[in-house]
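The sequence lines fix the lettering, A, B, ..., with proteins before strands; numbering per chain opens at 1.
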There are 4 protein chains.
Amino acid sequence: MNRPEPLADVHRMPDVQSAPDHRELAIDRVGIRGLRYPLPIADRDGTQTTIAQCSVFVALPADRKGTHMSRLVALLEERAVPGAEPIGVHALRAMVDTLVARLDAPGGSIELAFPFFLRKLAPVSGIASLLDYEARLCGELREGRYVQEIGVSVPVTSLCPSSKEISEYGAHNQRSIITIRARTAAPVFLADLVRVAESEASSELFGILKRADEKFVTEHAYDNPRFVEDLVRGVAARLDNDARLDGFVVEAENFESIHNHSAYARIARGL
Amino acid sequence: MNRPEPLADVHRMPDVQSAPDHRELAIDRVGIRGLRYPLPIADRDGTQTTIAQCSVFVALPADRKGTHMSRLVALLEERAVPGAEPIGVHALRAMVDTLVARLDAPGGSIELAFPFFLRKLAPVSGIASLLDYEARLCGELREGRYVQEIGVSVPVTSLCPSSKEISEYGAHNQRSIITIRARTAAPVFLADLVRVAESEASSELFGILKRADEKFVTEHAYDNPRFVEDLVRGVAARLDNDARLDGFVVEAENFESIHNHSAYARIARGL
Amino acid sequence: MNRPEPLADVHRMPDVQSAPDHRELAIDRVGIRGLRYPLPIADRDGTQTTIAQCSVFVALPADRKGTHMSRLVALLEERAVPGAEPIGVHALRAMVDTLVARLDAPGGSIELAFPFFLRKLAPVSGIASLLDYEARLCGELREGRYVQEIGVSVPVTSLCPSSKEISEYGAHNQRSIITIRARTAAPVFLADLVRVAESEASSELFGILKRADEKFVTEHAYDNPRFVEDLVRGVAARLDNDARLDGFVVEAENFESIHNHSAYARIARGL
Amino acid sequence: MNRPEPLADVHRMPDVQSAPDHRELAIDRVGIRGLRYPLPIADRDGTQTTIAQCSVFVALPADRKGTHMSRLVALLEERAVPGAEPIGVHALRAMVDTLVARLDAPGGSIELAFPFFLRKLAPVSGIASLLDYEARLCGELREGRYVQEIGVSVPVTSLCPSSKEISEYGAHNQRSIITIRARTAAPVFLADLVRVAESEASSELFGILKRADEKFVTEHAYDNPRFVEDLVRGVAARLDNDARLDGFVVEAENFESIHNHSAYARIARGL
């Protein structure tokens, strides 16, 4: 564990960041960004070690010149040592409380963005393989109120209903990404949000597909055509019914196979 | 010019997007994204042709199944033909009005993000060279109200005040990016926002610097140390005094030369 | 036009880059990278202004400490002023000759990477729209020999033959990118390479497609299934027969709609 | 563990990839790319779990139509299960042998690119923090010969010698990235290559720096100015003397604090 900062250090060199500032401008958030750390993340199926892009911010009062960036990095360093407690929706609240206490700040936030894996079984052969998603955990203490958000970006297959309808045979399809950002009032697993997104797609994705599986997903997508509008409506309808959420934003982006641009849709509730 | 859609086309194939939808879920924005087009942009110093990343969205009522993506692309195709009128803050309002009229939509928005160039003169030699910035123009009609935003991302030099203060010689410095997003009530040039950002840096950047210029910018940065907190406070103070703005967000990110992460700060007013 | 560097400048400040170096290590290439400039590019259909990412390098002999970076930027600044001659495969040779002469270097290279547009007509409606590609022009003078390469990255549709074969209906398809890099012994247009790539796809892409066009491309792709192996073999067979090429590399990457990874293939001849 | 593919599956559905091809064009490499997997990597200080971007390719003879992509994914799935053996320079050879055997291919290659962490102690306070690097492991069996390459991208500080020389005070500095790619004839640790790069910089980087450390690195960089040419010459000189290497490429890119472009240099030996 790191030793506390030597007392001599404090006295010999000016602490410019602690000097007063006279412009009378508070700063909403100041801190570090783009800091990469290996962190243990806890979710529905257990703990996985991932590599997170981390942002750690504090609110800065109008009369203070700057913040102490090294203390922000230290917060993450402590969570990356062997034996550190996994981070889940509970641990984040505690980390934010520690942050504002150590920095003596009126508020602060921590955002972690990381790859997240789930093991899936191919639909016919049952062969197992991992699939990678992007996930986010964010906690913010602002004006005394704590707010937590979780997010996932889920790759899926979307097949176009009009292409299917108007064509003699075939239907254009492509990879799409459904992104959910949810403000949680009660614990919600990342894996739960992934399930919601995959349930509304033309088909979910799998790493390993044998021929019987490929036939299944091809026909399943054809049987379940979805416009980008359908993807977001389907997910929004499900999230609307989830009492654990205070609000959400759902987006879908189709990387159209017949164009060099994307189709996109977005529904926001309470955010 | 493109011919109107053949009548026969309308009658022979189902228009699936125009079918009714029964889930009673309106969509905030649906349309296209990631569409790249060469466009003429008008600003303070004249018109420049750039390559824009374009997003074109409409609001979709709860009872309609989907929108007509091809009409959204057509809107940009018309602005990219020889002789088309340059796009500036005035043209964007007209484009959004055209958009909602053609799509018969309750609202809509157009966002253009593009490289933007200004010619600069090196501080001592006077040698001219272009510098590239990132710029954004966004117009949105929502519930009858039109809102316009412009933005710039400006690369600058920042030199650290505490590094300078505590060291016998030298001071760590790095490239930083100051990003301004402004809601405009009256016309504001992109070049004006660039000036505000460059004025608050330790030093602005130049493409061509001869030795006399390099000496100048090195010493100038040393004479004007700025924390990331100073960058955003300096810009915010200037924008606070600009009556043409309804609100703004200013961010600064320092790609720290002594770390593998960034220092970051953000001030928002009215957005 | 920029004035020549003041004589006084040369005498007052040390030219550290021109000092000798004693490690006896020549440098293959040194210069600038990530320099963005608006440039006029000439190809089959005329001239278009685009935004290029530019790299300009020279070879550095073992006994010289460094090169003069500002002269490299100046080379591009001259080509970006109003009235400058468009850059095509001819202009590049001249630029490289100028580069090595001004820098008094044993060799040098210029690489330009930029978005490139072609106007296309939808297959049934005939409606016109632009499509964006990525292109590259590279010229290198090394040990007295001049070598030129051009390249294109072409987005297309690919539809999977086995998915089609084994399924009752439908077939998974996706956007793919075919990348060609060709060493040219005689002039070849970027637009020619684009044509080769689009001819070997399940279908080419279009910005604007009306319903009759969407039906056409959907059925056309279904009638022309292509593995990623077929894409590269098809292109390689055509390029093998082109006497203007000294060598080439063709790659194809399918952003599989049923997986979260890509299928990829590569054939190289003489490079 | 995954069950073997059901026999019935083989007989009922055509295996299109195993069909013959008549164009007489061999494919240099075909397979999967952009596949993300959590993998245990073994290096000098032990094993760390990281998230790798994986590419797995085989050579395809002229008479075969396609390869079996799912078997390529399976190779990585086996290495990502609990209890799987960590991957280091030894394991890679075995994985490539397994690859070509299972795919009955004349050759094949595996490339893993991943974040890699080392724990470092700040130079005065001794405070520990992780630093993140990018690393690569590649093994290829081609025409009976096995070749292995390892690589690292190391962020460092570079301070400009001419800026220091010509200025009254200060010197521009910035973050730079030194990239080493080495063909190894005997085992070499990633951590060893990182050390070589950090030793040749104006200063290495640290996550946590207290004031005494910041003073140290600021003055140390000022005492050790390095052109981008010096960075690559310094590293090349060291690698030239390492008998375990058959060849290497070293590159350095300075994200110049006084420009919006980079300075770049490259030395290659035997590659």
Top of D:Y169, D:F206, D:F216, D:Y222 for chain B proximity - count of heavy-atom pairs under 4.5 angstrom
D:Y169
With a 4.5 Å cut-off on heavy-atom pairs, point out which of B:R175, B:E168, B:E214, B:Q174 contacts chain D the most.
B:R175
Is there a donor-acceptor contact under 3.5 Å linking the side chains of D:N254 and D:Y264?
no
Ring geometry between B:H261 and B:H259 (parallel below 30°, tilted from 30 to 60°, perpendicular above 60°):
parallel
Only pairs under 3.5 Å count here: list side-chain donor-acceptor contacts from residues 186-201 of chain B, not counting sequence neighbours, and write none if there are none.
unit_1	atom_1	unit_2	atom_2	d
B:R195	NH1	B:E198	OE1	2.8
B:E198	OE1	B:K120	NZ	3.4
B:E198	OE2	B:K120	NZ	2.7
B:E198	OE2	B:Y133	OH	2.7
B:S199	OG	B:R195	O	2.6
B:E200	OE2	B:R238	NE	2.7
B:E200	OE2	B:R238	NH2	3.4

Side chain, backbone, both or neither: which part of B:L131 has a non-hydrogen atom closer than 4.5 Å to chain D?
side chain
B:S203 versus chain D, heavy atoms under 4.5 Å apart: side chain, backbone, both or neither?
neither
Between chain D and each of B:G170, B:A171, B:S167, count heavy-atom pairs under 4.5 Å; write down the option with the most.
B:S167
Check: D:T179/D:E251 side-chain N/O donor and acceptor closer than 3.5 Å:
no
Side chain, backbone, both or neither of D:S163 within contact of chain B (heavy atoms, under 4.5 Å)
both
Engaged part of D:F255 at the chain B interface, taking heavy atoms whose separation is under 4.5 Å:
both
Under a 3.5 Å cutoff, is there a donor and acceptor pairing between the side chains of B:N173 and B:T157?
no
Would you tell me whether B:E149 and B:T184 have side-chain atoms, one donor and one acceptor, within less than 3.5 Å of each other?
no
